[in-house]
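Written below as structure tokens is the structure these notes are about.
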Amino acid sequence: MKVTVVGAGAVGATCADNIARRELAHEVVLLDIKEGISEGKALDMLQASTLLDCDVKLTGSTNDYEKTAGSDVVVITSGLPRKPGMTREELIGINAGIVKGVTENILKHSPDAIFVIISNPMDTMTYLALKSSGLPKNRVIGLGGALDSARFKTYLSLALNCSPNDLQATVVGGHGDTTMIPLTRLATKGGVPVSQFLDEETLKKVAADTMVGGATLTSLIGTSAWYAPGAAGAYMVESILRDQKRIIPSCVLLEGEYGQSDICLGVPVVLGRNGWEEIIDYKLNDEEQAAFNKSADAVRNMNNVLSTLELGV
Ligand SMILES: NC(=O)C1=CN([C@@H]2O[C@H](COP(=O)(O)OP(=O)(O)OC[C@H]3O[C@@H](n4cnc5c(N)ncnc54)[C@H](O)[C@@H]3O)[C@@H](O)[C@H]2O)C=CC1
Ligand SMILES: O=C([O-])CC(=O)C(=O)O
């Protein structure tokens, strides 16, 4: 199996490193437009491999897409990250052109690849990659819910003083500070609703912290996060390449599911060797569905901006 990660910055390099360390693919190509950075980071990771008993062919490429040929999965992280005080949505003007161009270049050499889109604003970038490529819907998957749910579990585990591994907790909707929806009602500890352990005020704080999880890290670090985003990328790639069929909330095209159409938005999906294979219906209650619809409205507004950017979509 071969994976290409486009963008050898913080998220791309971390994702490639996680994929290599866990030997999820036999070959990993890291590609960046900036001269030397991908070759340097790939060589550094290769040297680390000798210390970590891991055997993966890791190479870098400065914008040479021939080296990416025959990739099974392509992870797109190329583009600008936000700075403190910015929203992810403000990145659309610069990142849309990058994501569209990269998708086109990749497809020339890997026509059968499954795409995992990370660049922000991710819901709109996923929609753009899908629409501009004409790919089957199951092969374009945005990363949002995997990361946001990891943050939800982290804040829950801190409040509950328990292992995050004993928690089930999912975030659906958009990957934005105000558009994501931590599904508190469905969160469980060892199969028991977390509302049996935590009062409403604490649960509200956990949900609020989750929603601004990315913004909190951005203001602490000065740029956006990469350890959990890179790990979340590898987690999705693992389920795809190993055909694990894990249920991972991800951004996919909705065609009536969850009451929405012609939009890519975060819902629980089964990830396997065919990409996303099934949408799981969580049967949202009225309040959750209203929040989902509001989230869809905001993401649709961003998608409408694409037509003003002269991208030809
Ligand atoms: N969906 C999610 O959950 C997350 C999304 N992100 C997003 O991921 C993106 C990357 O973030 P970082 O890695 O922190 O940024 P970074 O600035 O560290 O790395 C981005 C890399 O993309 C490269 N690049 C730019 N244009 C390119 C092109 N046309 N072809 C190839 N490479 C190109 C740059 O040279 C740079 O090395 C940002 O848009 C960020 O907002 C970050 C974290 C989580
Ligand atoms: O916060 C950001 O801009 C990057 C991102 O999407 C995240 O870490 O969730």
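In each ligand, atom 1 is the first atom listed, and ligand 1 is the first ligand listed. One is the number of the first residue; the rest follow in order along the sequence. Nothing here was measured: the structure is a model prediction, and the numbers come from that model.
Nearest non-hydrogen protein atom to atom 3 (O) of ligand 2 is Arg82 NE, 2.6 Å. Atom 19 (O) of ligand 1 has Gly9 CA, 3.2 Å as its closest protein atom, hydrogens excluded (heavy atom only). Protein heavy atom in closest approach to atom 10 (C) of ligand 1: Thr77 O, 3.0 Å. Protein heavy atom in closest approach to atom 8 (O) of ligand 2: Arg151 NH2, 2.8 Å. Ile33 N, 3.4 Å is the protein heavy atom nearest to atom 32 (N) of ligand 1. Looking from atom 17 (O) of ligand 1 to the surrounding protein, the closest heavy atom is Pro81 CD, 3.5 Å. Nearest to atom 6 (N) of ligand 1 among the protein's heavy atoms is Asn120 ND2, 3.4 Å. For atom 2 (C) of ligand 1, the closest non-hydrogen atom of the protein is His175 NE2, 3.4 Å. Counting only heavy atoms of the protein, atom 42 (C) of ligand 1 lies nearest to Val11 CG2, 3.6 Å. Considering only non-hydrogen protein atoms, atom 37 (O) of ligand 1 sits nearest to Asp32 OD2, 2.7 Å.
Contacts between Asn120 and ligand 2 below 4.0 angstrom, taking non-hydrogen atoms only, involve the side chain exclusively. In Glu89, neither the side chain nor the backbone holds a heavy atom less than 4.0 Å from any atom of ligand 2. Residue contacts with ligand 1 for Ile118 involve both N, CA, C or O and side-chain atoms from C-beta outward (heavy atoms, distance under 4.0 Å). Neither the backbone nor the side chain of Ala232 has any atom closer than 4.0 Å to an atom of ligand 1 (non-hydrogen atoms only). The part of Pro229 lying near ligand 1 is the side chain, judged by heavy-atom distances below 4.0 Å. When non-hydrogen atoms are compared, ligand 2 lies under 4.0 Å from neither the backbone nor the side chain of Met122.
Leu265 and Val269 fall within the same hydrophobic cluster, defined by Ile, Leu, Val, Met, Phe, Trp and Tyr side-chain heavy atoms under 4.5 Å apart, directly or through other members. Hydrophobic clustering (side-chain heavy atoms under 4.5 Å, transitive across Ile, Leu, Val, Met, Phe, Trp, Tyr) groups Leu143 together with Ile279. Placement of Tyr155 and Val194 within a single hydrophobic cluster is found when ILVMFWY residues are connected by side-chain heavy-atom separations under 4.5 Å, directly or transitively.
Looking at ligand 1, you'll find an N or O of Leu143 within less than 3.5 Å of one of its N or O atoms. Taking any N or O of Leu80, backbone or side chain, at least one lies under 3.5 Å from an N or O belonging to ligand 1. Considering backbone and side-chain atoms alike, Met122 places every N or O at 3.5 Å or more from each N or O of ligand 1.
Those atoms of ligand 1 with a heavy atom of Asn95 less than 4.0 angstrom away are 39 (O). Taking every heavy atom of Ala225 and a limit of under 4.0 angstrom, the matching atoms of ligand 1 come to 43 (C). Those atoms of ligand 2 that come under 4.0 Å of a heavy atom in Leu147, given as number and element, are 7 (C), 8 (O), 9 (O). Within ligand 1, the atoms closer than 4.0 Å to a non-hydrogen atom of Leu147 are 3 (O), 44 (C), numbered from 1 in the order shown.
Stacking of Lys189 on the aromatic ring of Phe197 is recorded, both the 6.0 Å distance cut-off and the 45° axial limit being met.
Not a single heavy atom of Gly101 sits under 4.0 Å from any atom of ligand 1. Residue-ligand proximity: His175 is placed with a non-hydrogen atom under 4.0 Å from ligand 2. Using 4.0 Å as the threshold, Arg88 has no heavy atom nearer than that to any atom of ligand 1.
Between the side chains of Glu277 and Asn138, no donor N or O sits under 3.5 Å from an acceptor N or O. Glu104 and Ser133 are not linked by any side-chain donor-acceptor pair at a separation below 3.5 angstrom, with hydrogens and angles left out of the test. Side-chain atoms of Asn293 and Gln289 form a donor-acceptor pair, as typed in the model, at a separation below 3.5 Å.
Side-chain contact between Glu288 and Tyr282 is absent, with no heavy-atom pair separated by less than 4.5 Å. Between Gln196 and Pro193, the closest side-chain pair of non-hydrogen atoms falls below 4.5 Å.
What you find for Met45 and Arg21 is that their closest heavy atoms are O-NH2, 3.0 Å.
If you run side-chain contact (heavy atoms from CB on, under 4.5 Å) between Met125 and each of Ile117, Ile98, Thr103, only Ile117 comes through. Checking each of Val99, Leu306, Asn304 against Thr124 for a side-chain contact (heavy atoms from CB on, under 4.5 Å) leaves exactly one that passes, namely Leu306. Here the rule is side-chain hydrogen bond (donor to acceptor under 3.5 Å, both in side chains) with Lys131, and of Asp262, Thr126, Asn303 only Asp262 fits it.
With atom 29 (N) of ligand 1 as the reference point, the heavy atom nearest to it among Ile98, Thr126, Val116, Leu91 is part of Ile98. Compare Ala10, Gly233, Ala228 by their heavy atoms: the one nearest to atom 14 (O) of ligand 1 is in Ala10.
Considering only residues two or more places apart in sequence or on other chains, Asn301 meets the side-chain hydrogen bond (donor to acceptor under 3.5 Å, both in side chains) condition with none of them.
Note that the CD1 atom of Ile37 and the CG atom of Leu31 stand 11.0 Å from one another [nearest 0.5 Å]. How far CZ of Arg151 is from CG of Asp209: 12.0 Å, rounded to the nearest 0.5 Å.
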